[in-house]
Amino acid sequence: MHEPPFVRDRAANERLEAWECDSCGYVTIPERREVCKRCGAYPDWNDVQLEERGTVQSYVVQQRLPDEFETPLPVAVVDIPQEDGGEPARVYGLFTETDPDDVEVGMEAEADFRTMFDIDGLPVNSFKFKRPRGDRL
Amino acid sequence: MRDVAIAGAGIIDFGELFEQSFDEMAEQAFMNAVDDVDHGIEPGEIDAAFFGTLDIANDASSGLGASHSTGLFGIPSSRVENACATGSTAFRQATTAIRAGQADVALVLGAEKMRDSAEGLIEGAALDQVWRGRGVTMPAFFGMRATRHMHQYGTTREQIAKVSVKNHENGAKYPHAHYQFTCSVEDVVEGPQVTYPLNLYDCCPVTDGAAATIVVSEDVVEEYTDDPVWVAGSGLSTDSLLRGDDEALVGFPASTQAASQAYDEAGITAEEIDVAEVHDCFTITELVTYEDLGFCEKGKGGEFIDSGAPELDGETPVNPSGGLLAKGHPIGATGVAQINEIYEQLRGEAGAVQVGNDPEYGLQHNAGIGRNATGSISCVNVLSAERP
């Protein structure tokens, strides 16, 4: 996380902190902006905390990727709820430790803190998703 | 504003063009367009050039690249890049320049050397970013819509596969197509998986190619042709890169917006489109584009292909040239080649893939994405056989 973008985005990447538009309720992560990209207002942005879980909205299973990825790899659009209610944040998420056949639209996914990639040997950490342990098929 | 017409169109055979350099492809497409002008044209009469390329192979430089490959020096020449809407945006910019009186005869040149690098676009999936689609390739980006569309609307895998069957059937008759074979629904659904739910024949090939179009103002059109095809309307729109609205999970909101702009400018509705060349980088892209462009209701793309409407002899033939799936997708050339196909269709010169409904209005559409995220960018051009 030594490079500037990863230092800036640490709260989002490592603690799942997001920002909520107090005009329309849109949740943005990791972008912190002045204008709401959904309603167009210049709102006050509330700091909000996301939960370490989400719901799969859609997904694919990657069979072919650059060498640094293990395939087959499920990749999903995941809605992550806020701890205190309100709208979820919508993100792309990589799965890990999950059989591709166990992934489906609407399923719950746990967020797990992992190393996403290395830059010059130093890790950048954030969250991947997996099917909840008690819920495996 | 002045009206704008197409006076000439040129294309080279798309495919694995190992022997041809980027400049040779572009030059040949340009020469074919010059040769195509009914009453002839001297290259010196061209007073602006718009060069569409993503420059995948690092050959193109700027607008200077178009001058270098065509020999057109001393005129305004610009390179245009707009993701997969690059070629169509170059055409739109040429149209705009003529409407504004900055040019009377403009060249639109699109070219892409996709096959000179082994990695292509897949390295984009190794993006060192946490939230912007690391691990997401092009088939993943589009396949995400397929999974959701099937879940939300009950669209079947077979309906999605039918897009590929239709386009390969057309492509087998289209002389410039990269792939000239036909395939069955079975071939598609049982083929090697690229990215679930998309298989090999759901994906467009990696193709080299170039295409060129010559557009002229109403003031000079008679010097070049007695049978011009007119620009009736154009639209260009973007949708948030990261926001990921619900409608962006099952379609491309930018396409709907761009189409709406183009229809408004042409003074028509979607029902009046007689033939379309749309962005079928993947089967699902074409299926949701039926909906995004208003050819059918949202969620009914599967029924639309089942009905036979987009087939060559259907009510609204889509991708008579075989589309990106069969013809190929050399990004900068793609939109220009689509414009050329609509031009030939509206002149009744499309040969074996000529649609049967005596088309008056034709539509060209590209949709692109930015950096593997949820956003889209789309350009739509509507052409007319009659002066608008």
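Everything numeric here is computed off the predicted structure, so don't read it as measured data. Residue numbers start from 1 in every chain, and the chains themselves are labelled A, B, ... in the order their sequence lines are given, proteins ahead of strands.
Atom CD of B:E186 sits in a sparse spot, with 12 or fewer heavy atoms from other residues, nucleotides or ligands closer than 6.0 Å. Atom CD of A:E31 sits in a crowded spot, with more than 12 heavy atoms from other residues, nucleotides or ligands closer than 6.0 Å. A 6.0 Å sphere centred on NZ of B:K298 holds more than 12 heavy atoms belonging to other residues, nucleotides or ligands.
Taking both residues in full, the closest heavy atoms of A:A12 and B:W131 are given as O-CZ2, 3.6 Å, listed atom of the first, atom of the second, then distance. Residue A:R64 comes nearest to B:T137 through the heavy atom pair O-CG2, 4.2 Å, listed as atom of the first residue, atom of the second, then distance.
With a 4.5 angstrom heavy-atom cutoff, A:E104 does not touch chain B via any of its atoms. In this structure, the portion of A:A76 lying under 4.5 Å from any heavy atom of chain B is its backbone and not its side chain. Both the backbone and the side chain of A:Y59 come within contact range of chain B, each with at least one heavy atom under 4.5 Å from a heavy atom of that chain. A:E68 touches chain B through its side chain: at least one heavy atom from C-beta onward sits under 4.5 Å away, while N, CA, C and O do not.
With chain A as the partner, the residue from B:M150, B:E123, B:Q152, B:H151 showing the most heavy-atom pairs under 4.5 Å is B:H151. The candidate with the highest count of non-hydrogen atom pairs below 4.5 Å against chain B, out of A:L73, A:D9, A:L94, A:V105, is A:V105. When the candidates B:P192, B:G143, B:A140 are compared by the number of heavy-atom contacts under 4.5 Å with chain A, B:A140 comes out ahead. In terms of heavy-atom pairs under 4.5 angstrom with chain A, the leader among B:D246, B:D128, B:V130, B:V250 is B:D128.
Contact residues of residues 21-28 of chain A toward chain B are A:Y26 (heavy-atom distance under 4.5 Å). Within residues 36-48 of chain A, the residues approaching chain B closer than 4.5 Å by heavy atoms are, in numerical order, A:K37, A:R38.
A donor-acceptor pair under 3.5 Å is absent between the side-chain atoms of B:T147 and the main chain of A:V60, judged by distance alone. With A:Q62 contributing its side chain and B:G135 its backbone, the two residues share a donor-acceptor pair below 3.5 Å.
Side chains of A:R90 and B:L249 form a contact here, defined as non-hydrogen atoms less than 4.5 Å apart.
Taking CG from B:N199 and CD from A:Q63, the interatomic distance works out to 9.5 Å, rounded to the nearest 0.5 Å.
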